[in-house]
Amino acid sequence: MRLKKYLIALFLFVVSAQAVAMESVRVPQGARAIDLTGVVEKHSSQGDRLQVSTAPGSDGIVRRIEVGAKEAGSQPNWIVFALTNDTDEQIERLIVAPHYRLQGSGVIWPDLGSARITAITASQGFPPEVEDASDADVFRLTLDPGTTVTYVAELRTPNLPQLYLWEPSAYKDKVTSLTLYKGIVIGIAGLLALFLTIVFVVKGAVIFPAAAALAWAVLAYVCIDFGFWDKIFGFDVNANRIWRAGAETVLSATLVVFLFAYLNLNRWHVRAWHVAALWLLILLNLVALAVFDAPVAAGVARISLATVAVVGFVLILYLATHGFDRAIMLIPTWFLLAVWVATAGFAVAGWITNDLVSPALVGGLVLIVMLIGFTVMQNAFAAGGLSHGAISDVERKALALTGANEIVFDWDVPSDHIYVSPEAEAALGLDRGGLEGAASSWLDLLHPFEQDRYRACLDAILEQRRGRINQEFRLRAADGHYLCYRLRARPVVGPDGEVIRVVGTLNDVTDERNAQERLLHDAVHDNLTGLPNRELFFDRLEAALVLARIEKDVRPTVLVIDIDRFKQINEQVGMAMGDSILLTVAHRLTKLLQPQDTLARLSGDTFAIILVSETNADHVISVADSVRRSLSTPVRFTDCEIALFASIGIALHDQQVHPGARDMLENAEIAMRYAKRSGGNRIEVFRPAMRTQRSDRLTLEADLRRALERREIKVFFQPIVRLEDRTIAGFEALLRWDHLRLGRLEPSEFIPVAEQTGLIIDLGLLALERTARELAAWQRALAVDPPIFASVNISSRQLLRHDLLRDVKSVLMRNDIIKGSLKLEMSESLVMENPEYAVQMLTRIKEIGAGLCLDDFGAGYSSLAYLQRFPFDTIKIDRSFIKQSGKGARPVILRSIVALAQDLGLDVVAEGAETEADAIELYQLGCGYAQGYAFGRPISSRDARRLVGAAPEAA
């Protein structure tokens, strides 16, 4: 019974052993090499011994063997494989495990090689013998006929990249052929490095040391990869790992240096030097790191190499598209480098496993460096052959022409053939050879005005056999416009004394010619408007006056136009908008004139017209009125409208006096200034009496300053009557000047002088103070409802001053006046100079307690459009409506104005009521108040107090 159990256990053991026994590899007689990498079994033991089951032998029995490690106490990794020789002959084979294999080595923490197998133990027969090899672990084994042998190999490293079973002679042939290939590649790489070094010593350009350094780095990498240094210096396997990591790092660094030097990246962007320096510093630190941790250094170097290839290719393409010749020349070579890096990446990732990949990649790297060397040589020597050494005078002149970018002109006289450098044809848009041919063929391309001069130049050279051509000609381009060229040439005389060639250069002087014409134009034209300036104006006026002496029907008239208050407008809207206003003025004036007339800009806001198209004085004044009305149309900028008013002076031609150009202009300017002194926005024709008034202006200005100090300026009051009951409703304050020499002067005689000198501010404040004081006295004496009021005129200078608010507030605080009864009166032309600013200013004046009255209503251009925007409580109808109220459409317009004011809740005061009939008509039209000689002339403050029953002011 016990024997039976023993047999059953033995049977189960044999069956289970057969179930787990490994598969053996059949070794044919003629097989050159068998890849065992995928059929070995890997084991990791917990101690220094390993027990494994053998492959079934020829008898089918599976045995157990135990193998001990070479060093007691170690825990190595193991591999197990079995080989079967089912032939009738003994077989010898080599087990080969390469120390380093690029394929599958990895990118991060790559496998940089090591001794792979410590020892191999056979389950039977002769133990494998170790063969001497520097780059692989080689063991020779013998397989007897009909045997299956299990081999257990103790590994030095956890990884075994490859295990091959080689036929000895085949392995020897492979090693021999690879040795020859490696020698050729190393020789080429060495010669290339040496050659580039010699070129660097001779040439000295920065790209040569960079290329030489790259070549030496590749040579070092090739020698390490092919095991050349091992044969010379006898490095061990661990030292070889350090050298390999360092070589890959240096290769990446030299590639960065070459790319930076070749593309001259520091020229394109200063930060490129910083990036390159940081990159090189990191790679140099990797060289030191390779001594301590070679896999980490090699992994970073491989990533850097791939990055340089990709980033470099993108950078080269970018610079090539921007016309950088060096980048264009490097595109093919760098493309091959990018392909090489991609292939190497596939190999180290294990996607390509062929044994020929590694030597092919090394040879390809040498080829790429060779192409880089050729590219560098081509770039350095393509145009530099004449940079060193002696050159002839002819060569020097040719180089000078090339450097100066001159266009060569060569006329072969005997064959009548002209040659011109292709740059001229390209500039003109002509086909190649478009300027070549007979000398007469140029006539079709020359400007018609210059064809005769061209013929004369060439004929003179041929006839005189000497001299030079230095002429400018205009040549027609393909698109029809003309380019200006300067031809400088001289004849070449043959032995017979005849001209055989005319040789010289063509220069494109179009820009120079345009600049000269622009300078000539700017010398006599205004830079802003393009109109003639003062000099050209005088020239044309002189010509017109000369023509007037010959032709009796020609009577030139000079009009001088000056924009009123343009300085204030410029200060409000800015210089840029002021220039736009002047351009608008020039455009409007140009449209009003005939072609024979001349419009010029004399100075800032002053324009002048030479009117030749009109000779009748009435027609001239009509043209001037058209100018005034055209300029009065507001200029609109975004949401702002600016009203323009102009003073126009006219100097008519006097055929008997025959004035000069400067006299006529001066007369027109005097008339213009007279128009300004009279209030502006008007037309004045020059009269000789104006010259004496011009000299009186300075005296009047000095007298006005003294008059303010001596209290010669008086405030008079003109009554404003309520038409319903003919009672006094208020007064308008008017200034009078009791001049010691000239007597009493009206405002029209001194207000323009005050406006120009700035004294109007003092006059306005004087009128405001005295009117407020009188109004307070009237209201104390006459308690009526609505209260009596007074209005004071405000000038443009006062309205534009922020101090006006303070002055009005101070006056109201010092005098006990009912709110709204002291009215500030201003014309609508004044308000419309700057509507946006006026709205803000008037609103604040209204808020502090003053009333607002709009004067000359209806005489402007936009009262109806802006009336609702301004906080006025009273409007004054212009006297021009009252004088002609009974004629034509005037009553209808007047009735409409009154109705409009009533609808808006505004009081209406009609100016200019001269007769009782005017008063009755105004009342019938619905007008509430009237002012004029029908109700009294301006009276003194004392008479005004008596009129309202107030106590007279103490003397």
Side-chain angles (χ1 to χ4, degrees), residues 32-33 35-38 94 96-116 133-138 157 159-164 166 170-190 217-231 235 237 240-252 255 294-295 297-299 301-303 305-306 309 336-370:
R32 292 174 56 85
D35 188 0
L36 302 178
T37 308
L94 297 177
V96 179
H99 291 166
Y100 174 73
R101 193 168 185 266
L102 178 67
Q103 299 89 309
S105 60
V107 177
I108 302 175
W109 287 286
D111 184 355
L112 298 179
S114 178
R116 303 298 180 180
S134 61
D135 58 351
D137 294 327
V138 182
T157 61
N159 299 325
L160 183 64
Q162 188 183 59
L163 187 67
Y164 259 85
W166 280 92
Y171 182 70
K172 181 179 179 181
D173 293 341
K174 175 202 170 188
V175 171
T176 302
S177 60
L178 280 178
T179 302
L180 179 61
Y181 172 77
K182 292 176 181 179
I184 294 173
V185 172
I186 290 175
I188 294 174
V218 170
L219 176 61
Y221 177 79
V222 170
C223 291
I224 292 173
D225 192 76
F226 285 171
F228 184 73
W229 300 132
D230 297 345
K231 294 180 176 61
F235 292 144
V237 178
N240 205 26
R241 299 169 69 242
I242 296 174
W243 283 108
R244 188 180 302 278
E248 292 182 358
T249 304
V250 172
L251 178 61
S252 176
L255 203 58
R302 292 181 177 185
I303 295 173
L305 187 63
L336 291 178
L337 177 64
V339 173
W340 183 91
V341 170
T343 306
F346 295 153
V348 298
W351 298 349
I352 301 176
T353 59
N354 193 292
D355 286 343
L356 297 179
V357 171
S358 180
L361 285 174
V362 173
L365 183 60
V366 174
L367 176 61
I368 289 172
V369 175
M370 185 182 299

Check: Counting N and O atoms only, with roles assigned by atom type, does the side chain of Arg116 sit under 3.5 Å from a partner on the main chain of His99, one being a donor and the other an acceptor?
Finding: yes

Item checked: Listed partners of Val250 passing side chain to side chain contact (heavy atoms under 4.5 Å, CB included), at least two apart -> Ala217, Thr254, Val287

Kindly list each side-chain donor-acceptor pair under 3.5 angstrom involving residues 337-345, sequence neighbours excluded, with atom names and distances?
| from | atom 1 | to | atom 2 | distance (Å) |
| --- | --- | --- | --- | --- |
| Trp340 | NE1 | Leu361 | O | 2.6 |
| Thr343 | OG1 | Val339 | O | 2.9 |

Note to self: Please determine whether side-chain contact (heavy atoms from CB on, under 4.5 Å) holds for the pair Leu102 and Tyr100, giving the CA-CA distance in whole Å, both sets of side-chain angles, and the decisive distance to 0.1 Å.
What the structure shows: CA-CA 7 Å; Leu102 178 67; Tyr100 174 73; 3.3 Å; yes

Note to self: Exactly one of Leu367, Val218, Val185, Val357 should register a side chain to side chain contact (heavy atoms under 4.5 Å, CB included) with Val362. Which one does?
What the structure shows: Val185

Note to self: Under the rule for side chain to side chain contact (heavy atoms under 4.5 Å, CB included), what residues qualify as partners of Ala360, not counting sequence neighbours?
What the structure shows: none

Notebook entry, point to check: With no hydrogens and no angle check, is any side-chain donor or acceptor of Thr157 less than 3.5 Å from a backbone partner on Asn159?
Noted result: yes

Item checked: For Tyr181 against Pro359, the heavy-atom pair lying closest together -> OH-O, 2.7 Å

Checklist line | Ser105 and Arg302 side chains, donor-acceptor separation under 3.5 Å | finding: yes

Checklist line | Side-chain donor or acceptor of Ser252 paired with backbone N/O of Thr249 under 3.5 Å | finding: no

Checklist line | Derivation of the side-chain contact (heavy atoms from CB on, under 4.5 Å) call for Trp166 and Lys174 | finding: CA-CA 10 Å; Trp166 280 92; Lys174 175 202 170 188; 3.6 Å; yes

Next item on the list: State, to 0.1 Å, how close Pro110 and Pro295 come at their nearest heavy-atom pair, and which atoms those are.
Entry: CD-O, 3.1 Å

Next item on the list: For the residue pair Pro98 and Asp135, establish whether any side-chain heavy-atom pair is separated by less than 4.5 Å.
Entry: no

Check: Any side-chain donor-acceptor pair under 3.5 Å between Thr37 and Asp35?
Finding: yes

Check: Taking side chain as C-beta onward, heavy atoms only, is Leu163 less than 4.5 Å from Val96?
Finding: no

Item checked: Approximate separation, where rounding is to 0.5 Å, of Leu94 CG and Asp137 CG -> 12.5 Å

Item checked: Nearest atoms (heavy-atom pairs only) where Gln103 meets Ile352 -> CG-O, 3.3 Å

Next item on the list: For Tyr164 and Ala33, indicate whether the former's side chain and the latter's backbone hold a donor-acceptor pair under 3.5 Å.
Entry: no

